[in-house]
**Q** 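Here it is: the structure, laid out below.
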Number of protein chains: 2
Amino acid sequence: MAETILLVEDDPSILRGLQMNLGLEGFRLVAAHDGEEGLKLARTHKPDLIVLDLMLPKMSGMDVLRAIRAEDHDTSIVILSSKDQEGEKVLALSLGADDYMTKPFGVAELVARIRASLRRRRRNVRSGELSVGRVSLDVEGRRMLQDGREVESTAREFDLLKFFLSHPGVAFSREQLMQQVWGPDHFGTARTIDNFVARLRQKIEEDSEDPKYIETVRGIGYRFNP
Amino acid sequence: MAETILLVEDDPSILRGLQMNLGLEGFRLVAAHDGEEGLKLARTHKPDLIVLDLMLPKMSGMDVLRAIRAEDHDTSIVILSSKDQEGEKVLALSLGADDYMTKPFGVAELVARIRASLRRRRRNVRSGELSVGRVSLDVEGRRMLQDGREVESTAREFDLLKFFLSHPGVAFSREQLMQQVWGPDHFGTARTIDNFVARLRQKIEEDSEDPKYIETVRGIGYRFNP
DNA sequence: AGACGCATGTCACCATCGTGTCACGGCGTG
DNA sequence: CACGCCGTGACACGATGGTGACATGCGTCT
């Protein structure tokens, strides 16, 4: 299955060059010409990797990076920068960028770095038997495990628990959970979340009356505790 | 999501220049032409950052700065000054301005400083732990901690303590607390604040008879001491 | 110093909101 | 067709927020 790459770059000639080369490498490509469009496409297409220019119209690459990382930690992000500013580089990496290239760059090198980033990510996702306490997920096989023993789970249950395990200790509103797990354009009621939380609790909690992992934060939403 | 910047500047040509440049950088912009309007817009729009000229009609920039800082410590404020007076600079910074530029200035430098201020602010807001003395808050997880041990807290209690921790050493009236924590359109009696203060004291004070952290300022309101 | 007045501390109470739970209908899949 | 999953609505229960009444204490004025 081809991996999807989102290119966020306003210079048409650079964009064309990247599309040519990456297309030949067999990636699925999506392109945005400014920051806002980039952010939107990142949300809708959920690419595996994003090539992100820093100098962009409408919304700077740094802000796009920040916005994406605020919502999602899985996507690899490779930054393109036109000026060789160390400060920007450090900031970008500290904001969660995976790699950083300064223009002008060789396309071959960029492709190599993209491959490396995707490889790292795959290994993480793959090795990422997400595991917290007695609960773990076999992400590849989409299995839910309790002390290593498999627990039957449905698709949604799995996705929700995966999101929780990926963000331990953070309280989320029902709206946020709905956005993150069901997708940004899904429309549903808060009750749905409650139901899935209840189902998850019955599967992974010792005592579903007094949940230890998925805790209710009254007035806010839910939090997964490590 | 784009950050909002409020420009308070009476010189139309400078204002135009700032609007052009900052607009291109992707910020949402709000503009005021005198001090009073600036203060009003600061209250209604809650911008992330304010660019504030010192020489203004109706109300001097220094007074606007003072008024804003009396109500709110989160907004970044960058001062523009037409004369190079060291005294003004020191005063402005001591009143809580984040940065200070003297005209004439390069727009690029101003943009850079604005970005830097916003970055600092982000980091402060984002760093998930507020901590003063033995009391700390896990903001992301919405947990209240005493010496690292969790203390049960409700949503309102948490919000109120969070506000106190964010503004140590400053005395607030009940009205101000109500505004800031409950929201500007909430309607409630002063008794409510007393009650929540009392509840917080029982949770975080050694001796709730003789509170050390949340002190009563008779005739005024309450103050949180570091 | 004493007394008065006002601001604050405290308590109990209740309406309301938030959450857990259940049952049901629709939809897609085997 | 039948089954399982998903999502919604209804309902009940408990926590919570907010209010008023009352107690207390501080400051001030005489």
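Every chain is numbered from 1 and lettered A, B, ... according to where its sequence line falls, protein lines coming before strand lines. For the numbers below, each heavy atom of this structure counts, side chains included, while hydrogens, waters and symmetry mates do not.
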**Q** Base, sugar-phosphate, or nothing for B:A190, non-hydrogen atoms under 4.0 angstrom?
**A** nothing

**Q** In this structure, how many angstroms lie between the P atom of D:dT16 and the CD atom of B:E157, rounded?
**A** 8 Å

**Q** Any chance you could measure B:M144, atom CE, to B:L200, atom CG, to the nearest 0.5 Å?
**A** 5.5 Å

**Q** What integer distance in Å separates B:I193:CD1 from D:dG17:C1'?
**A** 12 Å

**Q** Does A:N195 contact D:dC6 through a side-chain donor or acceptor facing the base, at a distance under 3.5 Å?
**A** no

**Q** Which residues within residues 176-183 of chain A lie with some heavy atom under 4.0 Å of an atom in DNA chain D?
**A** A:W182

**Q** Got a second to check how far A:L39's CG is from A:D63's CG, nearest 0.5 Å?
**A** 10.0 Å

**Q** Could you give the CD-to-P distance, from A:E209 to D:dC13, as a whole number of Å?
**A** 15 Å

**Q** Would you mind telling me which of D:dT8, D:dG17, C:dG20 lies closest to the side-chain atoms of B:F196?
**A** D:dG17

**Q** Give a yes or no on whether a salt bridge exists between A:R201 and A:D210, defined as a side-chain N under 4.0 angstrom from a carboxylate O.
**A** no

**Q** Closer to the 5' end of DNA chain C via nearest nucleotide, is it B:V197 or A:T216?
**A** B:V197

**Q** To the nearest Å, how far apart are B:L200 CG and C:dG9 P?
**A** 13 Å

**Q** CD1/B:I5 to CD1/B:I114 distance, rounded to the nearest 0.5 angstrom?
**A** 4.5 Å

**Q** Which angle, rounded to 10°, do you find between the first-five-pair axis and the last-five-pair axis of the helix from C:dA1-D:dT30 to C:dG30-D:dC1?
**A** 30°

**Q** Whole-Å distance between C:dT10 P and B:R201 CZ?
**A** 7 Å

**Q** Is the distance from OP1 or OP2 of D:dA15 to the nearest side-chain N or O of B:T154 less than 4.0 Å?
**A** no

**Q** Name the closest nucleotide to the A:T189 side chain, picking from C:dT21, D:dT8, D:dT19.
**A** D:dT8

**Q** Check every strand shown and say whether B:R174 touches a base, only sugar-phosphate, or nothing at a heavy-atom separation below 4.0 Å.
**A** sugar-phosphate

**Q** Would you kindly give the CZ-to-C1' distance between B:R218 and C:dC6, to the nearest whole Å?
**A** 7 Å

**Q** Could you tell me how far apart B:E205 (CD) and C:dT10 (P) are, to the nearest whole angstrom?
**A** 11 Å

**Q** Atom CD1 of A:I214 and atom NZ of A:K203: how far apart are they, to the nearest 0.5 Å?
**A** 11.5 Å

**Q** Do the ring centers of B:Y213 and B:F164 come within less than 6.0 Å of each other?
**A** no

**Q** Using 0.5 Å steps for rounding, measure from the CG atom of B:L49 to the CZ atom of B:R113.
**A** 13.0 Å

**Q** So, for A:V135 and A:Q146, which heavy atoms are closest and what is the spacing to 0.1 Å?
**A** CG2-OE1, 3.8 Å

**Q** Would one find a side-chain N or O of B:H186 under 4.0 angstrom from OP1 or OP2 of D:dG18?
**A** yes

**Q** Please classify the nucleic acid contact of B:T192 as base, sugar-phosphate, or nothing, using heavy-atom distances under 4.0 Å.
**A** base

**Q** State plainly whether the residues B:R115 and B:D99 are in salt-bridge range, i.e. N to O under 4.0 Å.
**A** no

**Q** Let me check something: any side-chain donor-acceptor pairs from residues 219-226 of chain B under 3.5 Å, sequence neighbours excluded? List them with distances.
**A**
from, atom 1, to, atom 2, distance (Å)
B:Y222, OH, B:R174, NH2, 3.2
B:Y222, OH, B:D194, OD1, 2.6
B:R223, NE, B:N225, OD1, 3.1
B:N225, ND2, B:K212, O, 3.4
B:N225, ND2, B:E215, OE1, 2.3

**Q** A:E175 CD to C:dG18 P: how many Å, rounded?
**A** 11 Å

**Q** Counting heavy atoms from C-beta on, name the nucleotide in C:dT19, C:dT8, D:dC5 closest to the side chain of B:R191.
**A** C:dT8

**Q** Does a side-chain N or O from A:Y222 land closer than 4.0 Å to OP1 or OP2 of C:dG18, or not?
**A** no

**Q** Let's test your reading of the model: under 3.5 Å, does the base of D:dG18 pair with the side chain of B:R156 as donor and acceptor?
**A** no

